[in-house]
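Quick note on labels: first sequence line is chain A, next is B, and so on, each numbered from 1.
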Amino acid sequence: MKYWLMKSEPDEFSIDDLLNAEKQTTAWQGIRNYQARNFLRDDVQLNDLVLFYHSSCKVPAIVGVAKITQAASIDITAFDIQSKYYDAKSDPNNPRWFQVDLSYVEKFAKQLTLTELKADPALAEMVLVTKGTRLSVQPVTEQEFMHIKRLAQAS
DNA sequence: GCCAACGTTGGC
DNA sequence: GCCAACGTTGGC
């Protein structure tokens, strides 16, 4: 069992969108960064838990938890010329991009803002708060995950 | 909207 | 394979 953090712009797809989605499940498509792709393709497994993070918004924050309900599969939006995720360089015979499926688990009663997370000594090593990290799919340690769950309950 | 910090591209 | 130029991310 591994733990991850995945970023989404709430204007594009928020935790509420996941909550209200059919079967409370969504295909996590459009990852176009190699490091993130490698995590998705090679390391993310069925039933792994995911911290759902809202980025590029007024209050960047971890807002809840999701679960991996399908491991990596080919992201076909890369072949769809109509898609905003279209990538002419991804060869259908040798796909470059992958996706996973996420299902809703919980929405935190209180979101944990980036400001709070940065101020917490227990999370000093967390990839999210380390300088210069822009990864939209990133690993989270079990300790970090449990600590964040406690923070979400405490408030 | 700005811009720092990264990532990617492509000429050489 | 280097690196300048360009593109993107994402907090502020």
Any N/O pairs under 3.5 Å between the protein and nucleotides 1-3 of chain B? List them or say none.
none

Distance-only donor-acceptor hits, side chain of residues 99-106 of chain A, under 3.5 Å, sequence neighbours excluded:
residue, atom, partner, partner atom, Å
A:Q99, OE1, A:Q29, NE2, 3.0
A:S103, OG, A:T25, OG1, 2.7
A:S103, OG, A:T69, OG1, 3.3
A:Y104, OH, A:K107, N, 3.0
A:E106, OE2, A:K149, NZ, 2.6

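- The interatomic distance linking A:Q35 (CD) with B:dT8 (P) rounds to 9 Å, in whole Å.
- Listed by chain and residue number, A:T133 satisfy the side-chain hydrogen bond (donor to acceptor under 3.5 Å, both in side chains) test with A:T130 (two or more places apart in sequence, or in another chain).
- Computed from coordinates, the A:N33 CG to C:dG7 C1' distance equals 13 Å when rounded to whole Å.
- Residues forming a salt bridge (charged side-chain N to carboxylate O under 4.0 Å, His left out) with A:K84 (at least two apart in sequence, or on another chain): A:E12.
- Applying the salt bridge (charged side-chain N to carboxylate O under 4.0 Å, His left out) criterion to A:R96, with sequence neighbours excluded, gives A:D87.
- Remark: A:D48 pairs with no residue by the salt bridge (charged side-chain N to carboxylate O under 4.0 Å, His left out) rule, at least two apart or across chains.
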Between A:D75 and A:T77, is the side-chain hydrogen bond (donor to acceptor under 3.5 Å, both in side chains) condition met? List the steps. CA-CA 6 Å; A:D75 182 350; A:T77 62; 2.5 Å; yes

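- Taking Ile, Leu, Val, Met, Phe, Trp and Tyr as members and joining any whose side-chain heavy atoms lie under 4.5 Å apart, directly or through other members, the hydrophobic cluster of A:W97 also contains A:Y34.
- DNA chain B lies under 4.0 Å from at least one heavy atom of each of the following residues of residues 128-136 of chain A: A:K131, A:G132, A:R134.
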With 3.5 Å as the limit, what N/O pairs link the protein to nucleotides 9-12 of chain B?
none

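- Grouping Ile, Leu, Val, Met, Phe, Trp and Tyr residues whose side-chain heavy atoms lie under 4.5 Å apart, directly or via other members, leaves A:Y85 alone, with no other cluster members.
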Donor-acceptor pairs under 3.5 Å, side chain of residues 56-68 of chain A to any protein atom, not counting sequence neighbours: which ones?
none

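- The side-chain hydrogen bond (donor to acceptor under 3.5 Å, both in side chains) check on A:D43 picks up nothing, with sequence neighbours excluded.
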